[in-house]
Amino acid sequence: MKYFLYFIIYSFIGWLMEVVLKSKDEHKFVNRGFLIGPICPIYGFGVLLIILLVGNSKSDLLAVFLKSILVCSVLEYFTSYFMEKLFHARWWDYSKNKYNINGRICLETMLPFGILSTIVIYVVRPLVIKFVSLFSNTLLIILTILFGILFILDNIVSFNVMFNIKKEFHKIKKDNTDYIKGKVSKWLEENTYLYKRIRYAFPNFKIKNIIKKMS
């Protein structure tokens, strides 16, 4: 239960970081990430992998930094690969950046991820552990069930939306995340409160018809 909450916390921190950086560039709020909710699972998985694979070698700062770069790069590369195979679209493309590998990862992002991961190991992780340790077992169970249900529903809804608009993905050569988020936001705005409540409770309810009208 604690590790699941760690995953949610780190996913939220990753989403928050993405939103701040992108919103700063665009001068407006930009909801980043694949899911509709305020989390980026790739950050949650990435941090947990780093903690499990790198966290025990804290005595060697350089080793933590280099291993973190390796873990993050492998995760980002294969996430890009499988997302492209699944949706026939590139969610990010570093082809124009120097020292990139198939446009999926590049040195420009690898170094910051190494730095951030090192900060997580030495600074953020102890704080998160201390924070979660304040929860009683009952509260841990409640939060795990609550966030677990929300996470599953968000995945179901998001995947349904993506599969229904993926026909248009191949038309977009650039980073598709903002494009997809725009489609999702438009869809939400065009539905009544009652329909949105039913859609969240039953994700498959006429999603295809709505998407077709949207396109």
Side-chain angles (χ1 to χ4, degrees), residues 1-26 29-35 37-83 91-92 94 97-144 146-148 150-151 154-155 175 177:
M1 290 186 294
K2 287 184 177 181
Y3 272 92
F4 177 72
L5 291 181
Y6 295 156
F7 165 77
I8 294 296
I9 291 171
Y10 293 128
S11 297
F12 172 73
I13 293 175
W15 172 85
L16 190 62
M17 183 179 67
E18 288 273 349
V19 167
V20 170
L21 293 176
K22 191 65 177 180
S23 297
K24 183 179 179 182
D25 291 338
E26 299 291 333
F29 176 78
V30 179
N31 186 10
R32 296 284 286 177
F34 170 75
L35 299 179
I39 61 172
C40 287
I42 189 173
Y43 284 92
F45 286 121
V47 172
L48 289 185
L49 279 175
I50 290 168
I51 289 173
L52 294 174
L53 300 177
V54 183
N56 293 326
S57 59
K58 291 177 62 176
S59 58
D60 190 338
L61 179 62
L62 181 59
V64 170
F65 175 71
L66 295 177
K67 289 179 182 178
S68 296
I69 288 179
L70 178 61
V71 172
C72 290
S73 299
V74 171
L75 178 63
E76 185 177 28
Y77 187 93
F78 283 102
T79 298
S80 171
Y81 176 81
F82 287 116
M83 291 290 279
W91 289 71
W92 58 84
Y94 301 130
N97 298 59
K98 292 183 178 180
Y99 312 112
N100 72 84
I101 300 179
N102 297 329
R104 303 187 189 281
I105 58 175
C106 69
L107 187 62
E108 187 176 328
T109 60
M110 290 164 63
L111 292 178
F113 277 135
I115 295 172
L116 287 173
S117 299
T118 303
I119 294 174
V120 166
I121 292 294
Y122 288 98
V123 180
V124 179
R125 181 191 178 193
L127 295 176
V128 171
I129 291 176
K130 185 176 181 180
F131 173 67
V132 174
S133 68
L134 297 175
F135 301 161
S136 65
N137 286 335
T138 302
L139 184 57
L140 278 176
I141 294 172
I142 293 173
L143 291 177
T144 300
L146 175 62
F147 285 122
L150 291 174
F151 182 67
D154 197 345
N155 273 275
D175 182 342
T177 305

Quiz item: If you draw a 6.0 Å radius around OH in Tyr122, do more than 12 non-hydrogen atoms from other residues or ligands fall strictly inside?
Solution: yes
Quiz item: Quick one: side chain to side chain donor-acceptor pair (under 3.5 Å) partners of Asp154, sequence neighbours excluded?
Solution: Ser158
Quiz prompt | Those residues that, when tested against Phe113, pass ring-ring contact (aromatic ring centres under 6.0 Å, His included) (two or more places apart) | solution = none
Exercise. Test Val132 against Leu140 for side-chain contact (heavy atoms from CB on, under 4.5 Å), laying out the working first.
Key: CA-CA 8 Å; Val132 174; Leu140 278 176; 4.0 Å; yes
Quiz item: What distance do Ile69 atom CD1 and Leu116 atom CG have between them, rounded to the nearest 0.5 Å?
Solution: 11.0 Å
Quiz item: What do the steps show when you test Val71 against Val54 for side-chain contact (heavy atoms from CB on, under 4.5 Å), and what is the final call?
Solution: CA-CA 9 Å; Val71 172; Val54 183; 4.3 Å; yes
Quiz item: Who passes side chain to side chain donor-acceptor pair (under 3.5 Å) against Tyr77, sequence neighbours left out?
Solution: Asn102
Quiz item: Which residues pass the ring-ring contact (aromatic ring centres under 6.0 Å, His included) test with Phe65, sequence neighbours left out?
Solution: none
Exercise. Could I get the full list of side-chain contact (heavy atoms from CB on, under 4.5 Å) partners for Phe4, not counting sequence neighbours?
Key: Phe7, Ile8, Thr144, Phe147
Exercise. Anything under 30° is parallel, anything over 60° is perpendicular, the rest tilted; go ahead and classify Tyr3 against Tyr6.
Key: perpendicular
Quiz item: Between the side chain of Thr79 and the main-chain N/O of Glu76, is any donor-acceptor distance below 3.5 Å?
Solution: no
Self-check item: Distance in Å, Tyr10 OH paired with Met17 CE, rounded so as to fall on 0.5 Å steps
Solution: 13.5 Å
Practice problem: Kindly write out the residues that satisfy side chain to side chain donor-acceptor pair (under 3.5 Å) with Asp60, not counting sequence neighbours, or none if the list is empty. | Solution: none
Practice problem: Look only at the side chain of Thr109 and the backbone of Cys106, and say whether a donor-acceptor pair between them is shorter than 3.5 Å. | Solution: yes
Quiz item: Can you tell me how far the OG1 atom of Thr138 sits from the CG atom of Leu143, to the nearest 0.5 Å?
Solution: 10.5 Å
Self-check item: Lys2 NZ to Ile9 CD1 distance, which is reported to the nearest 0.5 Å
Solution: 11.5 Å
Exercise. For Asn100 and Ile105, run side-chain contact (heavy atoms from CB on, under 4.5 Å): C-alpha distance rounded to whole Å, both residues' side-chain angles, the deciding distance at 0.1 Å, then the answer.
Key: CA-CA 6 Å; Asn100 72 84; Ile105 58 175; over 6 Å; no
Quiz item: With a 4.5 Å limit on heavy-atom distance, are the side chains of Glu18 and Tyr43 in contact?
Solution: yes
Quiz item: Among Val47, Ile42, Ile39, which one satisfies side-chain contact (heavy atoms from CB on, under 4.5 Å) with Ser11?
Solution: Ile39
Exercise. Heavy atoms only: give me the nearest Ile50-Cys72 pair and the separation to one decimal.
Key: CD1-SG, 3.5 Å
Self-check item: Spacing of Lys67 atom NZ and Thr118 atom OG1 [to the nearest 0.5 Å]
Solution: 12.0 Å
Quiz prompt | Distance in Å, Ile119 CD1 paired with Ser68 OG, rounded so as to fall on 0.5 Å steps | solution = 11.0 Å
